[in-house]
Enquirer: 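Mind looking over this structure? Questions follow.
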Amino acid sequence: CRLCDSSSLERVLSLPETPPANQFVKEPGVSQQHFPLDLMLCCDCGHLQLGVVVDPEILFHDYVYVSSTSPSFVAHFDAYAKRCVERFKLCADDLVVDIGSNDATLLCAFATHGKCRVLGVEPAKEIARRANLDGVETWGEFFSEGVAKSIVDHHGQAKLVTANNVMAHIDDLRGVMHGVQRLLRSDGVFVFEVQYAVDLYEKTLFDMIYSEHLDFHTVGPLKSFIESCSLTLFDVERVPTHGGSIRCYVSRPHQNDARPIVDQLVQYEKALGIASPKAWWQFSARLAEVDRDLEHVLMGI
């Protein structure tokens, strides 16, 4: 398990092998590499995850999606940055680092609203190159503890570190958290957004299951994982992106008072039974119904 290191995993759903998302071909019949999509549930902590990890160089080196092409995401990131600037009283001396910064849409919003120093870390080389040309310093590499150390050496520690959907894309989540620990100031905050597995389950969002999404997070397992990394999950907000996501706020222990919503969501997940294989067998049965309904529609055309 990527969160608790347990080897007690149970396969709860298998979808057909699929090429990487967004890697479209120009002509029919072009050969593509396909990868398994098997969802595994940790029997110890209840974390849902893909069982097969595709080499991130295949998925992200030539990544094509950029945030600025989506007006809804531009507006989302603008509101996101404004809220963080106001809540954490960010100012011009403060460093904001975005892990998986894409084309720096979020960082530009922080520079606008807080006049902050900003730095991106983005492994898609071409996207990182263009962000640098647009005036936002962006390191074209995968984030790691070593990269965090280099950032601190060159720029000092960060008041705010952000990551959006990154925590669903990375195999070594513990390594990321160690890097965040090194990068954060003593009063710093780590804010990340991920698609919420409760929304995936309740809304039957099977289209969110693809090779980039290694993890399908819920608050209970995340809270325990973050505490095991000597940090604290002190607040969670539900946001509408990607069919339903959570924005998680993390700091060093005792730096921020925990909001009641954290335990409320943990209790909701327990009541829903989402940490049990039975819930995902029911999810699989709903997928079969969607499959049959679609077939009937197509046959009726």
Side-chain angles (χ1 to χ4, degrees), residues 1-3 8-54 58-59 63-65 69-70 72-73 76 165 167-169 171 193-222 238-246 265 267-301:
C1 175
R2 292 187 186 91
L3 296 190
S8 181
L9 301 175
E10 180 170 344
R11 182 182 291 106
V12 292
L13 176 68
S14 291
L15 296 179
E17 293 192 1
T18 308
N22 295 321
Q23 294 193 10
F24 302 109
V25 296
K26 296 181 178 180
E27 298 178 1
V30 175
S31 177
Q32 288 182 282
Q33 191 172 5
H34 291 59
F35 299 97
L37 291 177
D38 294 331
L39 281 185
M40 314 295 291
L41 186 70
C42 178
C43 297
D44 288 328
C45 77
H47 178 54
L48 189 70
Q49 55 211 286
L50 282 188
V52 172
V53 179
V54 179
I58 294 174
L59 297 178
Y63 202 57
V64 296
Y65 171 79
T69 60
S70 170
S72 62
F73 255 95
H76 173 73
N165 293 301
M167 297 296 281
H169 291 175
D171 185 30
E193 288 187 359
V194 285
Q195 207 271 335
Y196 192 24
V198 166
D199 287 298
L200 174 78
Y201 175 77
E202 292 184 327
K203 301 174 185 177
T204 321
L205 301 177
F206 61 89
D207 57 316
M208 297 304 297
I209 303 170
Y210 50 94
S211 294
E212 286 177 27
H213 288 177
L214 295 176
D215 297 282
F216 303 88
H217 289 292
T218 48
V219 176
L222 263 178
R238 296 187 72 168
V239 294
T241 53
H242 298 292
S245 299
I246 47 176
L265 288 174
Q267 293 306 314
Y268 180 74
E269 293 163 5
K270 288 181 178 178
L272 191 62
I274 201 169
S276 72
K278 182 180 178 181
W280 296 102
W281 297 335
Q282 293 170 344
F283 180 83
S284 181
R286 298 206 305 271
L287 293 194
E289 292 177 8
V290 171
D291 187 23
R292 286 193 297 270
D293 291 345
L294 177 59
E295 185 177 358
H296 291 157
V297 170
L298 295 176
M299 293 298 289
I301 293 176

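Bear in mind the structure is a predicted one, so any value in this text is a computation, not a measurement.
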Enquirer: Hey, could you give me the OG/CD distance between S211 and Q33, rounded to the nearest 0.5 Å?
Expert: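 Spacing of OG (S211) from CD (Q33) equals 9.5 Å.
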Enquirer: So, the side chain of R2 versus the backbone of L50: is there a donor-acceptor pair under 3.5 Å, distance only?
Expert: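 Present.
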Enquirer: Is it true that a side-chain atom of S245 and a backbone atom of T241 form a donor plus acceptor pair closer than 3.5 Å?
Expert: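 Yes: the side chain of S245 pairs with the backbone of T241.
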Enquirer: Would you give the length of the straight line joining atom OG of S284 to atom CG of L13, rounded to the nearest 0.5 angstrom?
Expert: 5.0 Å
Enquirer: Considering non-hydrogen atoms only, spot the tightest contact between L41 and P277 and give its length.
Expert: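 Closest approach of L41 to P277, heavy atoms only: CD2-N, 3.5 Å.
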Enquirer: What distance do Q32 atom CD and E17 atom CD have between them, rounded to the nearest 0.5 Å?
Expert: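 Answer rounded to 0.5 Å: 13.0 Å.
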Enquirer: Before giving the answer on side-chain contact (heavy atoms from CB on, under 4.5 Å), spell out for I246 and V239 the whole-Å C-alpha distance, their side-chain angles and the decisive distance to 0.1 Å.
Expert: CA-CA 6 Å; I246 47 176; V239 294; over 6 Å; no
Enquirer: Which heavy atom in W281 sits nearest to a heavy atom in V12, and how many Å separate them?
Expert: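 Answer, listing the atom of W281 first, then V12: CD1-O, 3.9 Å.
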Enquirer: If you count the non-hydrogen atoms of other residues, nucleotides and ligands that lie under 6.0 Å from CZ in R11, is the total more than 12?
Expert: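 Incorrect, the count does not exceed 12.
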Enquirer: For P221 and T218, work out which heavy atoms get closest and say how close.
Expert: CD-OG1, 3.1 Å
Enquirer: Looking at side-chain heavy atoms only, is the closest gap between L222 and H47 below 4.5 Å?
Expert: no
Enquirer: Assess the residue pair D293 and D291 against the criterion (side-chain contact (heavy atoms from CB on, under 4.5 Å)); give the C-alpha distance rounded to whole Å, side-chain angles, the decisive distance to 0.1 Å, and a yes or no.
Expert: CA-CA 6 Å; D293 291 345; D291 187 23; over 6 Å; no
Enquirer: Treating E10 as the side-chain partner and M40 as the backbone partner, does any N or O pair qualify as donor plus acceptor under 3.5 Å?
Expert: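 Absent.
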Enquirer: Given D171 and D215, is the side-chain contact (heavy atoms from CB on, under 4.5 Å) satisfied, shown in steps?
Expert: CA-CA 8 Å; D171 185 30; D215 297 282; over 6 Å; no
Enquirer: Begin with the C-alpha distance, continue with both residues' side-chain angles, and end with the deciding distance and a verdict on side chain to side chain donor-acceptor pair (under 3.5 Å) for S14 and D38.
Expert: CA-CA 4 Å; S14 291; D38 294 331; 2.8 Å; yes
Enquirer: What closest approach, in Å, do V194 and A168 show between heavy atoms, and which atom pair accounts for it?
Expert: CG1-N, 3.9 Å
Enquirer: Atom CG in N165, atom CE in M167: separation rounded to 0.5 Å?
Expert: 11.5 Å
Enquirer: Any side-chain heavy atom of E289 sitting closer than 4.5 Å to one from R292?
Expert: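 Sidechains of R292 and E289: in contact.
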Enquirer: For a 4.5 angstrom cut-off between non-hydrogen side-chain atoms, does L15 reach L287?
Expert: yes
Enquirer: Classify the ring geometry of H169 against H213: parallel below 30°, tilted from 30° to 60°, perpendicular beyond 60°.
Expert: parallel
Enquirer: Could you tell me if the side chain of C43 sits less than 4.5 Å from the side chain of L9, heavy atoms only?
Expert: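 Not in contact.
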Enquirer: As a test of understanding, state which of F73, F216, Y196, Y210 forms a ring pair (Phe, Tyr, Trp, His ring centres under 6.0 Å) with H242.
Expert: F73
Enquirer: Could you walk me through whether Y201 and I274 satisfy the side-chain contact (heavy atoms from CB on, under 4.5 Å) test, starting with their C-alpha distance in whole Å, then the side-chain angles of each, then the deciding distance to 0.1 Å, before giving a yes or no?
Expert: CA-CA 8 Å; Y201 175 77; I274 201 169; 3.9 Å; yes
Enquirer: Using side-chain heavy atoms (C-beta onward) and a distance below 4.5 Å, is H76 in contact with E193?
Expert: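 Yes, their side chains come closer than 4.5 Å.
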Enquirer: Please check if the side chain of E269 supplies one atom and the backbone of V219 the other of a donor-acceptor pair under 3.5 Å.
Expert: yes
Enquirer: Please name the pair of heavy atoms, one in Q49 and one in C42, separated by the smallest distance, quoted to 0.1 Å.
Expert: NE2-CB, 4.0 Å
Enquirer: Indicate the atoms forming the closest heavy-atom contact of L205 with L200, along with that distance.
Expert: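 Smallest heavy-atom distance, with atoms named: O-CD1, 2.8 Å.
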